[in-house]
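For reference, the structure is listed below as structure tokens.
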Amino acid sequence: MAACGGGGLTCLSLCAQRNARFQRPAFRPLSSPGTVAAAFRREELPSGSAETGSEDRSPKKRFTELQKERREQAQRTVLIHCPNKISEKKFLKYLSQHGPINNHFFYESFGLYAVVEFCQKESIHSLKNGTHTPSMVTEAAIPFRSRFFNLKLKNPSNQTSERPYIQSSNQLPPSSKKLFELLCCAESIDDQLNTLLKEFQLTEENTRLRYLTCSLIEDIAAAYFPDCTVRPFGSSVNTFWKLGCDLDMFLDLDEIGKLSTHKNIGNFLVEFQVKNVPSERIATQKILSVIGECLDHFGPSCVGVQKILNARCPLVRFSHQASGFQCDLTTNNRIALKSSELLYIYGALDSRVRALVFSVRCWARAHSLTTSIPGAWITNFSLTMMVIFFLQQRSPPILPTLDSLKTLADAEDKCIIEGNNCTFIRDLNKIKPSENTETLELLLKEFFEYFGNFAFNKNSINIRQGREQNKPDSSPLHIQNPFETSLNISKNVSQSQLQKFVDLARESAWILQEEDKDRPSPSSNQPWGLAALLLSSVTNSKSLAKKKNKRPASERIRNLLDSIKSNSTENATTANGKRTISTHT
């Protein structure tokens with residue numbers, strides 16, 4: 001660095017990145033003093049306390065407010081690929097020449113990376129002005145000036161690592177072994193569900209990196225559409241995020257060409273000259289085709305670009321190698337963004353919602369009910385809708401219906417997208433909290449019982465009205481899209497996959513019921529509660545036991561569920577969420 005014995009900054013070689021085969025890295029932020037903005041983390045955890053019945057009553061930010069803050073934060077941030085041996089002190093001193101630094105952290109992906117947030121955007125312009133394009137011997141560099149830099153040391157031989165020991169925080173989900181250890185050591189099933197949530201939810205660093213990645217892609221799209229915005233949606237922002245989940249992006253072009261009041265003065269109206277195409281779908285395909293080409297040819301760290309333009313929702317899929325994210329970029333998909341906001345609200349209303357959703361999703365994945373490959377399987381979105389619907393059925397309800405959220409909406413909340421009424425209240429502080437105090441243990445058991453007995457052959461799931469309705473078609477599983485109400489979000493699910501879900505739900509309800517009678521002691525180290533439900537071998541062993549029983553399986557399960565139902569009232573009054581140790585010998 002010129003001023004302090006370090007190295008100069010140069011842009012990354014695009015060719016070297018494009019030729020590299022992409023693999024998902026073990027993303028590990030290296031925490032350092034002052035790295036994590038604790039205040040921001042508190043703001044973005046809407047679930048309150050992990051303890052049931054101890055909700056955080058402090059004012060909660062709107063979804064749009066958080067999105068705006070995160071986006072502005074990302075616009076002041078740069079991504080730097082660093083040499084392995086680097087003095088953190090000298091590194092920060094060098095960057096501070098361009099302006100004060102608000103936040104920074106290191107993480108390991110394909111090498112060592114630093115995410116540095118300046119206090120002002122002007123610092124990034126200063127940094128760019130002192131950066132040069134690398135010279136190539138056998139290849140040619142494309143001179144794209146992004147906020148993704150490569151740091152090199154001018155005199156590597158003279159450099160020694162002065163970086164003190166920095167505690168590493170693994171940003172991938174825990175191994176199965178580690179997870180089962182944590183779950184088996186928990187004091188109650190409530191604790192197990194909250195432990196699972198804690199271990200799988202996104203970290204502050206991972207969240208920052210997701211918004212930064214969107215901001216870097218926005219810089220590329222802005223070459224064609226200067227006023228565009230690239231927003232994350234889906235699991236990255238709806239509070240049901242999970243470490244390692246894909247990054248869904250939405251290219252928002254709505255702000256382009258909107259009339260502003262100061263341009264509307266006088267007798268003339270000026271419009272942009274544009275090219276016309278036969279339909280909005282064709283326009284979307286053309287836009288994404290061009291952006292896909294830009295990412296492929298000019299986007300640093302963007303590899304494996306696929307243009308999937310004939311899908312129902314056209315998209316560009318690619319891997320962002322530096323961050324380790326698998327990315328899907330869409331446009332003209334505002335309903336998906338609105339769905340993310342709705343889920344954010346539901347997740348923020350009660351601390352039990354996210355814990356239950358995470359556990360049900362994890363249970364489904366452990367038994368291959370869900371998969372990352374498209375097909376006839378139940379999706380995570382469908383499972384989330386099922387949990388929300390179930391919580392709307394409780395007495396008193398834990399979550400309000402979408403129609404009731406619409407009733408609470410103000411004029412500023414009104415939202416119509418492509419003829420679909422997407423209106424609901426957006427101010428969390430105006431929604432009355434639930435008075436329901438049921439434990440997570442009871443809710444998990446009764447979730448499995450509820451859907452183990454659900455009449456899927458004739459009823460549909462509808463969170464808008466919060467009640468069972470007659471199915472409008474013959475699909476095995478019908479879950480109404482909350483906004484595009486004529487659509488079934490689970491239309492892809494086959495009868496065999498639905499039956500597998502029902503069988504596993506019944507069996508899980510039975511396992512939890514049996515554990516109430518004879519729960520293993522802590523010293524036995526036997527999986528219990530949620531840990532027992534996540535063992536894929538449980539189903540196989542139970543199935544073998546069933547074969548030895550002469551009674552038909554359907555009759556036996558029905559009797560078990562009847563037994564559970566008859567004891568549900570007693571369980572509701574005696575279950576305090578604490579683990580009991582059986583004295584049976």
Side-chain angles (χ1 to χ4, degrees), residues 26-31 35-56 58 60 66 105 107 167-210 234-245 343-344 346-366 370 380 383-384 387 391 398 438-444 447 522 527-535 577-579:
F27 177 82
R28 294 191 306 144
L30 305 178
S31 302
T35 294
V36 178
F40 230 119
R41 183 189 287 110
R42 287 193 298 269
E43 290 171 358
E44 198 146 330
L45 285 179
S47 56
S49 170
E51 299 282 341
T52 302
S54 57
E55 299 295 325
D56 182 7
S58 59
K60 299 171 183 175
L66 281 176
F105 65 89
Y107 71 91
Q167 186 176 2
S168 175
S169 175
N170 192 356
Q171 289 303 293
L172 287 177
S175 65
S176 297
K177 180 180 178 181
K178 178 64 175 178
L179 179 62
F180 278 105
E181 288 176 356
L182 292 170
L183 295 180
C184 290
C185 291
E187 291 297 319
S188 66
I189 291 181
D190 280 47
D191 289 341
Q192 287 183 327
L193 269 68
N194 283 315
T195 296
L196 185 73
L197 173 62
K198 179 182 176 182
E199 293 297 320
F200 275 87
Q201 67 184 1
L202 296 187
T203 62
E204 166 70 11
E205 295 92 343
N206 198 282
T207 301
R208 284 175 174 262
L209 189 57
R210 286 172 184 271
S235 296
S236 295
V237 298
N238 63 18
T239 76
F240 298 103
W241 42 47
K242 172 181 173 293
L243 283 172
C245 67
L343 291 183
Y344 168 84
Y346 277 132
L349 287 178
D350 193 285
S351 63
R352 293 166 289 182
V353 179
R354 294 173 67 233
L356 192 59
V357 168
F358 266 71
S359 299
V360 170
R361 284 184 174 187
C362 193
W363 166 83
R365 190 62 182 260
T370 58
N380 279 330
L383 287 173
T384 304
V387 173
L391 296 177
I398 295 176
E438 291 174 309
T439 64
L440 281 168
E441 177 175 355
L442 177 63
L443 292 173
L444 183 65
F447 171 85
W528 64 279
L530 181 60
L533 299 186
L534 298 182
L535 287 174
K578 294 299 177 183
R579 184 177 179 185

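Within the 4.5 Å cutoff, side-chain heavy atoms of Arg208 are placed close to those of Phe105. Using a 4.5 Å heavy-atom threshold, the side chains of Gln192 and Glu187 count as separate.
Residues satisfying the ring-ring contact (aromatic ring centres under 6.0 Å, His included) criterion with Phe447, sequence neighbours excluded, are Phe390, Phe451. Applying the side chain to side chain contact (heavy atoms under 4.5 Å, CB included) criterion to Ser359, with sequence neighbours excluded, gives Leu193, Leu196, Leu530. By the side chain to side chain contact (heavy atoms under 4.5 Å, CB included) test, Lys178 pairs with Pro174, Ser175, Glu181, Leu182, sequence neighbours left out.
Distance check, rounded to the nearest 0.5 Å: NZ of Lys242 to CZ of Phe358 gives 8.5 Å. If you take CH2 on Trp363 and CG on Leu444, they are separated by 9.5 Å, rounding to the nearest 0.5 Å. One finds the CD atom of Glu441 at 6.5 Å from the CG atom of Asp190 (value rounded to the nearest 0.5 Å). Here Arg352 contributes atom CZ and Leu391 contributes atom CG; the two are 8.0 Å apart, rounded to the nearest 0.5 Å. For the atom pair CD1 of Ile189 and OG1 of Thr195, the computed distance is 12.5 Å after rounding to the nearest 0.5 Å. A distance of 11.0 Å separates NZ of Lys198 from CG of Asp191, quoted to the nearest 0.5 Å.
The closest donor-acceptor contact from the side chain of Asn238 to the backbone of Tyr344 lies at 3.5 Å or more, if one exists at all. When atom types are taken as modelled, the side chain of Asn206 and the backbone of Leu202 share no donor-acceptor pair closer than 3.5 angstrom. Side chain of Lys60 to backbone of Ala348: a donor-acceptor contact under 3.5 angstrom is found.
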Which is it for Ile398 and Leu443 under the side chain to side chain contact (heavy atoms under 4.5 Å, CB included) test, yes or no, and what are the steps along the way? CA-CA 11 Å; Ile398 295 176; Leu443 292 173; 3.8 Å; yes
Begin from the C-alpha positions of Thr370 and Arg365 and carry the test side-chain hydrogen bond (donor to acceptor under 3.5 Å, both in side chains) through to its verdict. CA-CA 5 Å; Thr370 58; Arg365 190 62 182 260; 4.7 Å; no
Verify side chain to side chain contact (heavy atoms under 4.5 Å, CB included) between Asn380 and Phe240, making sure each step is shown before the conclusion. CA-CA 10 Å; Asn380 279 330; Phe240 298 103; over 6 Å; no
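Thr239 and Gly347 get closest at one heavy-atom pair: OG1-CA, 3.7 Å. The shortest non-hydrogen separation linking Ala186 to Trp528 is O-CZ2, 3.2 Å. Residues Pro527 and Cys184 share a closest heavy-atom pair of CA-SG, 3.7 Å. Nearest heavy-atom pair across Arg210 and Ser236 is NH1-OG, 2.9 Å.
Looking at Thr384 and Arg361, their side chains do bring a donor and an acceptor atom within 3.5 Å of each other.
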